[in-house]
Amino acid sequence: MKKRWVGSGWKMNLLSPEVEAFCRDLRAGLPRISMAVEMFVVPAYPYLQMVAEQLKGTRVHVAAQNMHWEERGAYTGEVSPAMLRDVGVSLVELGHHERRTLFHESDEDINRKVHAALQHGLRPVICVGEAENVGAAQAAGIVMEQMRGALAGVSSRALREILFAYEPGWAIGTSGAPAPRDYVAGMHTALRRGIATLYGEEVAAAVPVLYGGSVGEDNAAAYLDESAVSGLFVGRAARTADGFLRLAEQADAKTFEVNERSGPFASR
Ligand code: PGA
């Protein structure tokens with residue numbers, strides 16, 4: 001059975017009392033979600049260790065929001081993959097729209113980070129997506145380039161450790177509007193086809209591709225109905241454990257239905 005993924009990205013939000021409450025409530029609510037749903041949280045750096053400790057022994061993966069590609073050295077302000085591993089992190093978000101636009105991360109930077117993450121046993125969650133709403137054809141070209149850039153030199157064996165999140169910049173945050181379901185399905189299918197061209201269909205079919213950008217309780221089910229969408233990567237609507245759990249419940253409910261339907265390249 002194909003699993004579904006639901007991630008909660010905290011960005012630069014939540015202080016200790018909220019972090020503690022999130023972890024406590026999440027632990028309490030986990031029995032509501034079946035093992036068919038893979039869950040991860042993405043706290044800011046100062047809380048990674050605390051979250052990893054508080055969620056220890058649960059099935060929730062702890063992810064970092066970024067990292068440097070070097071293992072150590074004179075890189076003031078940066079955090080290395082070895083440090084992330086050391087504090088209990090297992091996934092790392094790379095190339096989020098805000099990293100690309102506000103902090104000028106290039107595909108080359110992201111590619112270095114992908115290699116470093118893999119070398120250190122961290123699973124990269126590679127974020128791709130067009131910044132502006134330029135239409136599906138142009139957007140697919142942008143996403144292909146980001147995907148190829150991020151995966152340069154990555155073997156098909158290593159690809160099995162990688163997740164993608166398709167997050168169009170124009171759909172993210174308070175000024176964003178959720179991307180239409182058909183549009184998302186088309187972009188996910190295009191991304192998988194691009195991966196299939198490089199690595200073959202079997203590998204491409206197995207790569208989880210999540211959607212992110214103004215996902216909420218009202219639209220989650222529609223995205224999850226698409227077999228090309230492996231899950232959701234959520235900011236605001238998953239910033240409390242309760243919101244996160246409710247979205248995970250939706251993913252859980254849809255998992256079986258979608259698994260019954262045709263293969264990964266079908267858009268419906
Ligand atoms: P949002 O953020 O759900 O608050 O739109 C999504 C993201 O940036 O991953």
Side-chain angles (χ1 to χ4, degrees), residues 4-14 18-19 22 26 37-45 47-48 51 60-67 89 91-105 110 113-114 117 123-133 139 142-143 146-147 150 162-181 183-185 187-188 191 207-224 226 229-251:
R4 286 305 184 93
W5 288 79
V6 182
S8 165
W10 300 0
K11 310 193 184 203
M12 201 172 73
N13 295 290
L14 308 191
E18 298 154 303
V19 172
F22 191 110
L26 181 57
V37 182
E38 295 273 0
M39 301 171 74
F40 63 96
V41 292
V42 200
Y45 287 141
Y47 305 102
L48 284 170
V51 171
V60 181
H61 310 279
V62 180
Q65 299 181 10
N66 182 30
M67 63 169 211
V89 168
L91 272 73
V92 61
E93 182 181 359
L94 298 174
H96 186 274
H97 169 72
E98 287 143 22
R99 299 296 321 164
R100 291 177 187 266
T101 52
L102 303 175
F103 302 99
H104 314 293
E105 277 188 23
I110 294 157
K113 295 180 184 192
V114 168
R123 295 189 70 176
V125 182
I126 303 173
C127 301
V128 294
E130 72 283 12
E132 306 294 335
N133 193 350
I142 294 167
V143 166
Q146 291 173 336
M147 179 273 289
I162 290 176
L163 291 86
F164 275 90
Y166 168 63
E167 303 202 307
W170 52 270
I172 291 173
T174 41
S175 56
R181 164 186 172 163
Y183 181 88
V184 170
M187 292 299 291
H188 279 231
L191 179 58
V207 177
V209 183
L210 283 56
Y211 169 71
S214 295
V215 172
E217 276 181 65
D218 50 335
N219 60 19
Y223 296 125
L224 291 164
E226 300 291 343
V229 177
S230 321
L232 304 169
F233 194 7
V234 188
R236 290 156 296 158
R239 211 159 282 150
T240 62
D242 198 41
F244 184 36
L245 284 160
R246 282 203 300 270
L247 290 166
E249 277 177 327
Q250 292 204 33

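Start at 1 and go down the list; that is how both ligands and their atoms are numbered.
- Applying the 6.0 Å contact sphere to CD of Glu217 captures more than 12 heavy atoms from other residues, nucleotides or ligands.
- Proximity of Lys11 to ligand 1 is established by a heavy-atom distance of less than 4.0 Å.
- Not a single heavy atom of Arg239 sits closer than 4.0 Å to an atom of ligand 1.
- Among protein heavy atoms, atom 9 (O) of ligand 1 sits closest to Glu167 OE2, 2.7 Å.
- For His97, no heavy-atom contact with ligand 1 is shorter than 4.0 Å.
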Inset, instruction - Decide yes or no on salt bridge (Lys or Arg N to Asp or Glu O under 4.0 Å) for Arg100 and Glu105, but give the supporting numbers first. - result: CA-CA 4 Å; Arg100 291 177 187 266; Glu105 277 188 23; over 6 Å; no
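- Considering backbone and side-chain atoms alike, Glu98 places every N or O at 3.5 Å or more from each N or O of ligand 1.
- In this structure, Trp170 and Tyr183 have perpendicular ring planes: the angle between them is above 60°, well past the 30° mark.
- There is a side-chain donor-acceptor pair under 3.5 Å between Arg236 and Ser214.
- Close approach of ligand 1 to His96 (heavy-atom distance below 4.0 Å) involves ligand atoms 7 (C), 8 (O), 9 (O).
- Note: an N/O pair closer than 3.5 Å links Gly173 and ligand 1 by distance alone.
- A centroid separation of less than 6.0 Å is found between the aromatic rings of Phe22 and Trp10.
- A donor-acceptor contact closer than 3.5 angstrom is absent between the side chains of Tyr223 and Gln250.
- Between the side chains of Glu38 and His61, at least one donor-acceptor pair of N or O atoms lies under 3.5 Å.
- Among the atoms of Gly235, some N or O lies under 3.5 angstrom from an N or O of ligand 1.
- Which parts of ligand 1 touch Ser214 is read off a 4.0 Å heavy-atom cut-off, strictly below it: atoms 1 (P), 3 (O), 5 (O).
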Legend entry - Test ring-ring contact (aromatic ring centres under 6.0 Å, His included) applied to Phe40 and Phe233, step by step: CA-CA 9 Å; Phe40 63 96; Phe233 194 7; 5.3 Å; yes
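- No heavy atom of Gly176 sits closer than 4.0 Å to any atom of ligand 1.
- Atom 4 (O) of ligand 1 has its closest protein heavy atom at Arg236 NE, 2.6 Å.
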